[in-house]
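Each remark here refers to the structure printed beneath this line.
Note that the coordinates shown come from a computational prediction; the quantities given were computed from them, not determined experimentally. Here is the naming used below: chain letters follow the sequence lines, and residue numbers restart at 1 for every chain.
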Protein chains: 2
Amino acid sequence: MSDYRLTPPRNERRDAAENRQRIIDAALHLFDLHGVEQVSMNQIATEAQIGPGTLYRRYRNKSELCQDLIKDSVDMLFDDIYEAMEAHKEEPAGGRLRRLLGFFLRFREKKAQLLKGIENASPPTGKRAYSPIYQELHQQLVLLFEEIHGTKPGGVNSVFKADMLLHALGSEAYLFQRQGRGLSPETILEQLCLTFIPDEAAKL
Amino acid sequence: MSDYRLTPPRNERRDAAENRQRIIDAALHLFDLHGVEQVSMNQIATEAQIGPGTLYRRYRNKSELCQDLIKDSVDMLFDDIYEAMEAHKEEPAGGRLRRLLGFFLRFREKKAQLLKGIENASPPTGKRAYSPIYQELHQQLVLLFEEIHGTKPGGVNSVFKADMLLHALGSEAYLFQRQGRGLSPETILEQLCLTFIPDEAAKL
DNA sequence: ATAATAAGCGGAGACCTCTCCGTTTGTCAA
DNA sequence: TTGACAAACGGAGAGGTCTCCGCTTATTAT
């Protein structure tokens, strides 16, 4: 499961490259017009003037397509994050974690639709591996939690805690807080910190 | 959204009642045979010898059907939980929370497939209200968290924290820990407690 | 230039969820 | 008993995801 080889093979046939561009253009256009959620793979294929088979050959599902569309923004996000982590490396881990979350939540607000599109995998999704974005985020979270909690055997497992926090950052949980509970991004950030960063580590 | 009026109207027409039973029998049979995930609404309708329209008239989707199938077990679960909460009412809230989670995780292991069926709502699911089980669980969690944290304005919001924990108990998050991370139910329980119960409140 | 070949194409079709609506059928009151 | 009538039925069909497979085409070696 999950090749996630989203880098198009170096030597792409000319017609294939052209179709890839058509797909991307069509998707961006329709997403912009009707919203990611409302647009089906069929519609994209039609708009791109290719057969459904061709579309599915390149992107196994809508999730992969969304991933491709958001890739560059994700790279920029992590550039920002790494830069901020470096710039505040003297700060306690709790503070840096808060910064990281701040960056991500801002990103999540801007890219809400595509992120949701990425996470809506259709039923045959079994063990649900993380998509690259969440993988990379997970890595950083683990690092920070290890700094906060150490690696003592009896304590919280940093990987576990990172998993929990990551779930809280996913579309389903986040949008429920935003829409169902009516919380602002700032409130959510605050509550996430209170929930996942121990009191002692939250001090500036 | 979400009537969740799962109680069949008191005066049910005879043919309707009969069909309801056929549906339930068919579903139980097919679920047992092939697994919840693998069985489609169509197959259930066919097995029950009714039209698709009739099936969908009673259950708006597979999730509702699963809810109906699990209803009695859920009632028993909460009987157990309330009894245990009552029996240990002198114990600190952290301990009672641990007990509650223990009950739920045991239940979740036994009913894994139906629970997953309940949560797999198809795309047109917007604000994703909790199903009754999770609503009731949420209530209890809020109560316990309020006991643990108080209701001071600057602190963690108990509703928020209950939401986070509830997400961690959902199929997606839980099954990922079980299968993706290979954790045992016991380990998960332990980690959940370490993650969501502050150190001071975890003392016996 | 040409032939061989693998990659890419695209549509038919399997199967799904869910809706609409004309027809049938219990139920209840007269 | 018999209508009246709302409730329930069931199937056609819209629209979705995704696969399969015979045909086309770009590429690359000769």
Separation of D:dG16 C1' from A:Q43 CD (nearest whole Å) = 10 Å
request  = Report yes or no: is the cationic atom of A:R106 (NZ for Lys, CZ for Arg) under 6.0 Å from the centre of the six-membered ring of A:F103, at an angle within 45° of the ring normal?
outcome  = yes
Whole-Å distance separating the CD1 atom of B:I44 from the P atom of C:dC18 = 12 Å
request  = Starting from P on D:dA7, measure out to CZ on B:R20 and report it in whole angstrom.
outcome  = 17 Å
task = State plainly whether the residues B:E86 and B:K89 are in salt-bridge range, i.e. N to O under 4.0 Å.
result = yes
request  = Select from B:G53 and B:R14 the residue whose nearest nucleotide in DNA chain C is closer to the 5' end of that strand.
outcome  = B:G53
inquiry  = Please determine whether any donor N or O and acceptor N or O are separated by less than 3.5 Å between the side chain of B:R13 and the base of D:dA8.
reply    = no
note = Between A:V39 and B:P52, the residue closer to the 5' end of DNA chain D by nearest nucleotide is B:P52
Touch class at under 4.0 angstrom, heavy-atom based, for A:L55 against every strand present = nothing
inquiry  = Please determine whether the number of non-hydrogen atoms from other residues, nucleotides or ligands lying under 6.0 Å from atom CD of A:E83 exceeds 12.
reply    = no
task = Report yes if at least one side-chain N or O of B:R58 is closer than 4.0 Å to OP1 or OP2 of D:dC9; otherwise report no.
result = yes
request  = Can you figure out which of D:dA26, D:dT28, D:dC9 approaches the side chain of A:D15 most closely?
outcome  = D:dA26
note = note: A:N42, atom CG; D:dA14, atom P; distance rounded to Å ~ 14 Å
request  = Please check if the distance between the ring centroids of B:F176 and A:Y130 is under 6.0 Å.
outcome  = yes
inquiry  = Nearest whole Å is fine: how far is D:dT17 P from A:K62 NZ?
reply    = 7 Å
task = Just compare D:dC9, C:dT17, C:dC9 and give me whichever is closest to any side-chain atom of B:A16.
result = D:dC9
inquiry  = Any salt bridge linking A:E172 with A:K116? Criterion: basic side-chain nitrogen under 4.0 Å from a carboxylate oxygen.
reply    = no
inquiry  = Counting only side-chain nitrogens and oxygens, does B:T54 get under 4.0 Å of the OP1 or OP2 atom of D:dA8?
reply    = no
query = Quick one: B:Q38 CD to C:dC16 P, roughly how many Å, whole number?
reply = 11 Å
ask   = To the nearest Å, how far apart are B:I50 CD1 and D:dA12 C1'?
value = 17 Å
query = Tell me: CG of B:N61 to P of C:dC16, nearest whole Å?
reply = 16 Å
